[in-house]
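See structure below.
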Amino acid sequence: MITEKLYLDTDREESVKKTAEILKNGGIVALPTETVYGLAASALDKNAIKKVFEAKGRPQDNPLIVHINSIEMLKKVAKDIPKRAFLCAEKFWPGPFTMVLKSSGYVCSAVSAGLDTVAVRMPKDPVMSDVIARAEIPLAAPSANVSGSPSPVSAEHVINDLYGKIDAVVMGDRCSVGVESTVVLIEKDSAKLLRPGAVTLEMLKEILPDITVDKAILEEYKDGEKVASPGMKYKHYSPSAELYLIEGESKDFVSYVNKMNDGCALCFTEEEELIKVKTYPYGSINDQKGMAYEIFEILRRLDKEKIRKGYVHAPSKDGVGLAVYNRLVRACAHRVIKL
Ligand code: AMP
Ligand code: MG
């Protein structure tokens, strides 16, 4: 298959129109969102959804997020929507926030991987929302990477993973958030954080004071265990390098990696000059949003540079740090060292 490259700087209108047409005709297109690049397909077309799973090599039991552009569309896709879900929509949409609700059965069952729930997000990125508006259909869009590899935050990452396997890629800018959306299961009297993202637990608690945190966010999935979010049981975000997540103060991290003296260090910018091995700074210690922006780019760079081993200084688990920690602990296959 030839993957067409659609440009935004030269012919934005034409690219949006073409993307919507391909999607309406059952094709699959990668396009930027504010979180990561998504691989979109009509959520109403089971053959198109099948193509998404195949192109990504995604396990069949891992459901997709449905992208919408209006509350009207939300009401078509989900049913028995609790009042608190509307409050969240008002506060966090459009944005990097996904709600798992009861499915109305409007989107095809392969999108939900056979569950009776559906994950719904209203993205903020103007390209994605213009495409939904033009196609007038909800779009299922998982991250546009090969399953298991770090999520794509640039068109170049998408091309590396999926060129020749999808109909087109919209050549947009680097994604501004850099990690995937926050996912929350919302029921009438309860709420559970399934995946942390740029909408933080602290922000959610203002509307959902009783929200709980799914243990799969920080802990390893054990074979056969039941999971609230099927995606959480899979190996994720993994470069080929053997990575270790190191928890502790800056001075202890620096002396640990200098003592080990092998592989590389994914460190904070403040630590770079003190470390003797090759460094990959992924943000300032005080800038969690900056870490989220960089993390997948850096994880991909490790593969490109054929790095075999590395020590990662863990961010704190508050704010957006929780999202970065969650991606890193999985990239490290849960090898955590507490100093
Ligand atoms: P991705 O599409 O790669 O961003 O991954 C979507 C994430 O949302 C995965 O972790 C899924 O398990 C989760 N998800 C999607 N739909 C549901 C659902 N109906 N129930 C629980 N988790 C879901
Ligand atoms: Mg993904």
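Atoms within a ligand are numbered from 1 in the order they appear, just like the ligands themselves. Side chains are part of it too, since the values below use all heavy atoms of this structure and drop only hydrogens, waters and symmetry mates.
For ligand 1, the atoms closer than 4.0 angstrom to any heavy atom of A119 are 15 (C), 16 (N), 17 (C). Of all atoms in ligand 1, listed by their number and element, those nearer than 4.0 Å to a heavy atom of N62 are 9 (C), 11 (C), 12 (O). Each of the atoms 21 (C) of ligand 1 lies under 4.0 Å from some heavy atom of A228. Atoms of ligand 1 found under 4.0 Å from any heavy atom of T117 (numbered from 1 in listed order, with element): 18 (C), 19 (N), 20 (N).
In this structure, K56 forms no cation-pi arrangement with F53, as its terminal cationic atom is not both closer than 6.0 Å to the ring centre and no more than 45° off the ring axis.
Contact annotation: S143 places an N, O or S atom under 2.8 Å from the Mg ion (ligand 2).
Side-chain contact check for R195 and S181: at least one donor-acceptor pair (N or O, by modelled atom type) lies under 3.5 Å.
Within the structure, ligand 1 has S143 among the residues with a heavy atom less than 4.0 angstrom away.
For the pairing with R174, the salt bridge (Lys or Arg N to Asp or Glu O under 4.0 Å) check across E156, E34, E294 returns one residue only, E294.
A heavy-atom distance below 4.5 Å is not found between the side chains of E206 and L204.
Of the candidates E180, M99, R195, the one placing a heavy atom closest to atom 1 (P) of ligand 1 is R195.
Note on ring orientation: taking the six-membered ring where Trp is involved, the planes of F253 and H313 are parallel (angle under 30°, cut-offs 30° and 60°).
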